[in-house]
Colleague: 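Let me begin by handing over the structure; questions about it come next.
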Amino acid sequence: MSFTTDLKKEIISRFAGEERTEGEKKSAFSAFVRTSGALGMQENVPTFFLVSETEYVAEFFMHLFAECFNAELSVTHATMDRMSGRDKLVLLCPANMGETVLSQLRLLKRGGEDFREGICKLLVKGEDRKIAYIKGAYLGGGSCTLPTDGGTGYHLEIVFNEKKTAQDFCLILDEFDLFAKWIERKDTYVVYMKSKEAISDFLATIGAHNSLKKLVAVSEKREEANNDNRTRNCMAGNADKSAIASVKQVVAIRKIEEKTKYKDLNEELVALAKLRLQYPEKTLQELADMLGVSKSCLNHRMRRLIEIAEEI
């Protein structure tokens with residue numbers, strides 16, 4: 001099951017499991033219309049229909065509609081999404097109820113002659129209604145992915161059908177210190193977050209604690225893997241440096257051996273020179289242990305050998 005699915009099911013479970021005001025329910029439903037619906041006129045009467053490719057989300061909003069308006073949305077037909085290969089349920093507003101419903105959802109301008117752009121401030125008056133709107137929007141047009149072995153990073157987005165609504169939605173998020181950006185994608189407007197911290201704050205704000213725990217677990221596992229990679233890279237880098245230093249030391253010692261046969265070296269330097277030629281792969285610490293001296297002492301002797309080679 002995807003993280004998107006888990007999060008949507010948790011939102012529905014928590015929303016349905018707690019007592020909600022009528023204002024919260026209508027805020028959530030209005031957001032769902034903005035993300036999954038289409039507004040239009042039928043015989044000069046405003047109406048709407050909704051499209052959902054997840055049955056549990058459709059059932060939730062059908063139940064929510066019944067609670068708010070004492071009526072039922074009708075499932076007219078299912079269509080196949082050519083991109084995802086999944087069926088989409090089409091929910092239709094009851095006949096002669098479009099103007100009443102859309103007015104109460106603050107989607108009609110006063111007088112009912114035209115559709116409203118953006119999010120009406122009266123609809124989301126108060127923190128609870130704002131959070132309900134965020135939840136409804138995510139259920140309708142949201143998705144969230146976490147890092148995978150394939151390299152996918154953190155990404156949460158909510159797709160809106162109208163530009164002003166996407167802009168107003170970003171302003172609502174700002175009130176909770178949830179800083180998101182929006183872009184235009186074909187005929188839609190996408191509000192998105194791409195950082196672990198921003199998505200964590202989003203989940204905490206809407207009360208999706210189980211999903212937040214899962215994100216934290218994924219984050220910790222990824223950080224552990226990154227630390228392991230950094231350690232291996234560091235070790236590999238140190239190994240490369242040691243190998244380069246060893247080659248430089250061997251070249252210097254062979255030069256001394258060829259030119260002077262060690263005749264100008266004291267016993268300590270001769271012993272080190274011969275040991276290095278015998279064990280070119282060993283570290284300075286290993287050579288120091290074999291000679292019974294400190295690494296600092298060995299470093300000093302090795303630098304002296306390189307200086308002598310440079311002077312020849």
Side-chain angles (χ1 to χ4, degrees), residues 8 11-12 15-16 18-81 86-126 128-142 158-166 168-169 172 187-189:
K8 287 188 176 183
I11 290 173
I12 290 174
F15 198 100
E18 300 173 5
E19 187 173 346
R20 303 291 176 180
T21 66
E22 184 173 318
E24 289 178 86
K25 293 176 182 178
K26 289 181 178 178
S27 291
F29 199 92
S30 183
F32 186 66
V33 175
R34 285 297 198 189
T35 52
S36 291
L39 307 177
M41 304 294 290
Q42 186 174 23
E43 297 180 356
N44 296 321
V45 177
T47 188
F48 67 92
F49 68 87
L50 305 168
V51 180
S52 177
E53 63 181 30
T54 47
E55 187 174 343
Y56 60 89
V57 171
E59 289 177 351
F60 170 72
F61 280 102
M62 290 175 71
H63 181 71
L64 201 62
F65 184 86
E67 289 183 349
C68 291
F69 302 105
N70 196 30
E72 293 186 357
L73 295 170
S74 57
V75 181
T76 58
H77 60 283
T79 62
M80 174 69 75
D81 187 311
R86 290 179 290 189
D87 288 335
K88 285 189 173 185
L89 297 173
V90 179
L91 310 177
L92 190 64
C93 176
N96 302 320
M97 286 193 65
E99 184 172 354
T100 299
V101 171
L102 292 175
S103 294
Q104 293 187 36
L105 296 180
R106 306 292 180 176
L107 295 174
L108 278 180
K109 291 182 178 180
R110 187 171 298 178
E113 296 179 356
D114 200 2
F115 297 109
R116 182 190 299 273
E117 292 184 347
I119 302 171
C120 178
K121 292 183 179 180
L122 291 176
L123 177 73
V124 290
K125 187 176 181 180
D128 290 342
R129 292 189 184 186
K130 289 182 175 70
I131 292 177
Y133 195 96
I134 294 171
K135 293 177 179 179
Y138 183 82
L139 290 174
I158 299 175
V159 182
F160 292 88
N161 295 322
E162 192 251 332
K163 180 179 178 179
K164 184 65 166 58
T165 304
D168 288 351
F169 187 75
I172 291 176
D187 296 327
T188 62
Y189 302 87

Colleague: Measure the spacing between NZ of Lys25 and CG of Leu105 and express it to the nearest 0.5 Å.
Modeller: 13.5 Å

Colleague: To the nearest 0.5 Å, what is the distance between CG (Leu92) and CD (Glu72)?
Modeller: 13.0 Å

Colleague: For the pair Asp128 and Thr21, evaluate side chain to side chain contact (heavy atoms under 4.5 Å, CB included) and give the outcome as yes or no after the intermediate values.
Modeller: CA-CA 9 Å; Asp128 290 342; Thr21 66; 6.0 Å; no

Colleague: For Gly140 and Ser36, which heavy atoms make the closest approach, and how far apart are they?
Modeller: O-OG, 2.7 Å

Colleague: Using every non-hydrogen atom in the two residues, find where Ala31 and Tyr133 come nearest and quote the distance to one decimal.
Modeller: CB-O, 3.2 Å

Colleague: Output yes when a side-chain donor or acceptor of Ser30 lies under 3.5 Å from a complementary backbone atom of Lys26, and no otherwise.
Modeller: no

Colleague: Can you name the residues that form a side-chain contact (heavy atoms from CB on, under 4.5 Å) with Lys164, not counting sequence neighbours?
Modeller: Glu117, Glu162, Gln167, Asp168

Colleague: Less than 4.5 Å apart, any side-chain heavy atom of Arg34 and any of Leu107?
Modeller: yes

Colleague: Just wondering, do Phe169 and Ile134 contact through their side chains at under 4.5 Å, heavy atoms?
Modeller: yes

Colleague: Would you check if Thr100 and Phe69 make a side-chain contact, meaning some heavy-atom pair closer than 4.5 Å?
Modeller: no

Colleague: If only atom types and distance count, is the side chain of Ser27 paired as donor or acceptor with the main-chain N or O of Leu123 below 3.5 Å?
Modeller: yes

Colleague: To the nearest 0.5 Å, tell me how far Cys93 SG sits from Glu99 CD.
Modeller: 11.0 Å

Colleague: To the nearest 0.5 Å, what is the distance between CG on Leu73 and NE2 on His63?
Modeller: 12.5 Å

Colleague: To the nearest 0.5 Å, what is the distance between NZ on Lys109 and CZ on Arg116?
Modeller: 8.5 Å

Colleague: Using side-chain heavy atoms (C-beta onward) and a distance below 4.5 Å, is Val57 in contact with Ile12?
Modeller: yes

Colleague: Please report the closest heavy-atom contact between Asn161 and Val33, naming both atoms and the distance.
Modeller: ND2-O, 4.3 Å

Colleague: Under the side-chain contact (heavy atoms from CB on, under 4.5 Å) test, which residues partner Glu55, sequence neighbours left out?
Modeller: Glu59, Leu89

Colleague: Do side-chain atoms of Thr54 reach the backbone of Tyr56 as a donor and acceptor pair under 3.5 angstrom?
Modeller: no

Colleague: Check salt bridge (Lys or Arg N to Asp or Glu O under 4.0 Å) between Lys8 and all other residues, then give those that pass, not counting sequence neighbours.
Modeller: none

Colleague: Where is the tightest heavy-atom contact between Pro46 and Leu108, given as atom of each residue plus distance?
Modeller: CG-CD1, 3.9 Å

Colleague: Can any side-chain N or O of Arg106 pair as donor or acceptor with the backbone N or O of Leu122 at less than 3.5 Å?
Modeller: no

Colleague: May I ask you to check whether over 12 heavy atoms, not counting those of Glu67, lie within 6.0 Å of atom CD?
Modeller: yes

Colleague: Measure the CG-OG1 distance between Asn96 and Thr47 for me, rounded to the nearest 0.5 Å.
Modeller: 9.5 Å

Colleague: Could you check Phe15, Phe61, Phe160 and say which one makes a ring pair (Phe, Tyr, Trp, His ring centres under 6.0 Å) with Phe32?
Modeller: Phe61

Colleague: Indicate yes or no: at least one non-hydrogen side-chain atom of Leu91 is less than 4.5 angstrom from one of Ser74.
Modeller: no

Colleague: For Arg129 versus Val124, what's the shortest heavy-atom pair and its separation?
Modeller: CB-CA, 3.9 Å

Colleague: Testing the basics here: between Ala166 and Tyr189, what is the closest heavy-atom pair and its distance to 0.1 Å?
Modeller: CB-CB, 3.8 Å

